[in-house]
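As the structure is a prediction and not an experimental result, all values here were calculated from the model.
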Amino acid sequence: MNPCCVLYSYLFLFRCRILVNETGCWMTWIDYCCNPLCNKRVTVKSGIFCGNYLHARGPYAPCQSAYCEDCYAPRGDKPFVIRETLDDDGVPLPDKEDNRFIKARAGDMFMVPFQCDQCHFQNVNKRDPMPGDAKDEEVLEYIRRANLDAFWARESSTVKKNLGILIRAEQCFNRLAIPSATPNLGPFPLEDTFGMKAAIAVLDKSLDKGVYERFVQWETFRKTRSAITNAHQASADGLGDTVGAYERSRVWISNVATHSFWYTRFMTGLHKRVGEVVKPDWPVPIAVMQYIDRGLNRLWSHESDLATKKRIAEMGAWFVVGFCIGLRGEEMLLIELSGTAESLRFLEDAIEPHFVVRVKGRTKGSLIAGGGFEIPCVAETGVSKLKPGRWIRRLVGLIHQEGRMNGKLFQRSLRVPRLLEFEEDFFDVLISVQNTTDLIEDGVDLREKAGIFRSLRRGLTSHAINMEVPPDLIKAVNRWRQESKGNGSKGTYEMIDHYAELGTLKPTFLRFSKAL
């Protein structure tokens, strides 16, 4: 007789014997690891068991899946990211655990619902995987990765402590001969109630090519969950009754799998694994702003060509005015010419020379179509001596000489202005400062580090903090929102949403720009 057949029969009968003898509480489960190269003895103290371990589902026999901690590890060769913790010099720090995100731990099955790869495959495809089939193997690889991410939503210390408390409770029940307080771990329905299909889509998206790194970042690929959830909720069976409805606080009953407990743990573990790479724009220091203000003024004074003078004035206004009022790059393109030009009469104010920038359009802080706000700004800042009033007067004057009285302040060839029209000039100014002074270190790659979107705004915030401008005023000028504290108040800081409020708030915002 073939020795392999004898060995197979022995293992099969031995496994069945264990199952027959151990059909009680999970505390009594004993089996051998599913990995044929391992076959370690597995208990709840040394490994994990599928929730369907003892249960037939539909046409499928009990999966009998048990794994030791080390063998439930990633399968396949997909380069899933595991973010390293780095020190200030970019050197990886030693982790407390060498196997984070790459193996299961005893007790994981009690922290999050667990179904083995085969059971999940049956839920998704309504069949068993075909050995050697490339697509089926890829699906199984994604399932394994998703399960591991769900496990690692909780740290090892928490998992270990939870398991110890459970075992202690079961020992109490056994000693007192009372039924267990813990429910059966399965069986789970023969359908994708966990959201594994959506998890596979998220994991697949996470392997797309990135911009700053090899793969896309969390903020990009996590939106796959939102898209799938939105599609489900838009369907006939997407949402059930409203649980509560008071003003804008509404809670719906949802049967979308991406709202399941397992899926929430999966997304938490995934986020912990990949981390986030935040690349904020380099803040323009106040010394650089002062140099730009003076340098562009010299260029203006020696230039006679009107077209060139206009480009100099555009950059003077973009840098100096944009810095003093804290607008984002996209908001600069929404500054209205006529409304801003009307305010130039305030530059002659004997007490506080100033002007008002009028922004109109959909911005991050004002999403209502046609909405807008106004920002007052002094003609000259008090400490740094920047002169935003000079640049706004010059630019408006040159635009009026061209015969244009309406539209946007920053407008070149495109009917709807775009940042790309001004981006090259923006970087040319900064690179000129870097090449002619020591104000910007040579090692700073400005085209990589700086940005027309936020560099001025971040520079303003840093300078305002250094000048000890009150935090609430900084938040108000930056139009930052503060989350509600649960006391019924709106709890937000917003810029003027209606022009009628400008009169009462103008002194506050002039005080801000005066303090710079």
Does [Y] offer a backbone N or O that forms a donor-acceptor pair with the side chain of [X] under 3.5 Å?
X	Y	result
T43	I30	no
R105	F151	yes
E170	M27	no
Q434	E441	yes
E69	A106	yes
D204	I200	no
N123	C119	yes
R447	I431	no
E421	L414	yes

Does NZ or CZ of [X] come closer than 6.0 Å to the centre of the six-membered ring of [Y], within 45° of the ring's axis?
X	Y	answer
R273	W218	no
R328	F453	no
R144	Y67	yes

Checking F114, F188, F261 against F194 for ring pair (Phe, Tyr, Trp, His ring centres under 6.0 Å), the one that qualifies is F188
Does the pair Y53 and D31 meet the rule for a side chain to side chain donor-acceptor pair (under 3.5 Å), with working shown? CA-CA 10 Å; Y53 174 67; D31 210 326; 2.6 Å; yes
Is there a salt bridge (Lys or Arg N to Asp or Glu O under 4.0 Å) between R127 and D136? Walk through the geometry before answering. CA-CA 11 Å; R127 63 175 176 84; D136 287 1; 2.9 Å; yes
Look at the aromatic rings of W318 and F410 and report parallel, tilted or perpendicular, splitting at 30° and 60°. perpendicular
